[in-house]
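By convention here, the first residue in the shown sequence is residue 1. Please read these numbers as outputs of a predicted model, since none were measured by experiment. Just the heavy atoms: all of them, side chains too, but no hydrogens, waters or symmetry mates, feed the values below.
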Amino acid sequence: QVQVVESGGGLVQPGGSLRLSCAASGISISVYGMSWYRQAPGKQRELVAHIAGRGTTIYADSVKGRFTISRDNANNTVYLQMNSLKSEDTAVYYCVGDLRWWGQGTQVTVSS
């Protein structure tokens with residue numbers, strides 16, 4: 001059974017940083033692509049970042065230069081380092097394995 005479990009969300013002030021973690025089980029993150037999506041209130045879910053099995057990465061234009069996706073194959077964990085956070089980054093962030101295995105999400109709130 002495949003599971004992906006996010007952690008690390010919370011409340012942070014504008015300009016601050018957070019690191020999200022995604023622990024995967026039942027799949028190898030070094031084989032499958034892993035993604036972070038987010039959904040803000042009243043908005044559609046959108047792709048934030050993706051790391052392919054071979055390690056290539058893509059980012060939404062809105063987060064380029066501020067967010068970094070990475071992974072620890074030994075611990076089967078994917079990370080999303082978020083810097084210079086803005087209020088518009090407020091959303092529920094989801095980890096997704098192979099575009100089909102979704103986590104429950106973790107709330108990120110950027111507010112002063």
- Message: Would you say D72 and T77 are linked by a side-chain donor-acceptor pair, where the criterion is simply a distance under 3.5 Å?
- Response: no
- Message: Taking the ring of W102 and the ring of Y37, is the distance between their centroids below 6.0 Å?
- Response: yes
- Is there side-chain contact between S70 and Q81, with heavy atoms separated by less than 4.5 Å? no
- Message: Can you classify the ring geometry of Y32 versus W101 as parallel (below 30°), tilted (30 to 60°) or perpendicular (above 60°)?
- Response: perpendicular
- State, without any angle test, whether S30 and S28 hold a side-chain donor-acceptor pair at a distance under 3.5 Å. yes
- Item | Check: W36 and C22 side chains under 4.5 Å, non-hydrogen atoms | yes
- Message: For a 4.5 angstrom cut-off between non-hydrogen side-chain atoms, does Q107 reach L11?
- Response: no
- Any side-chain heavy-atom pair from I27 and M34 closer than 4.5 angstrom? yes
- Message: Are the side chains of D89 and R38 in contact, using a 4.5 Å heavy-atom criterion?
- Response: yes
- Co-members of V5 in a cluster of I, L, V, M, F, W and Y side chains, linked at under 4.5 Å: none
- Do the non-hydrogen side-chain atoms of N76 and S25 ever get within less than 4.5 Å of each other? no
- Tell me, please, whether Y94 has R45 positioned over its six-membered ring: NZ or CZ under 6.0 Å from the ring centre and within 45 degrees of its axis? yes
- Message: I want to check something: taking the side chain as every heavy atom from C-beta on, are S7 and L20 in contact at a cut-off of under 4.5 Å?
- Response: no
- Does the side chain of R19 come under 3.5 Å of the side chain of Y79 through a donor N or O and an acceptor N or O? no
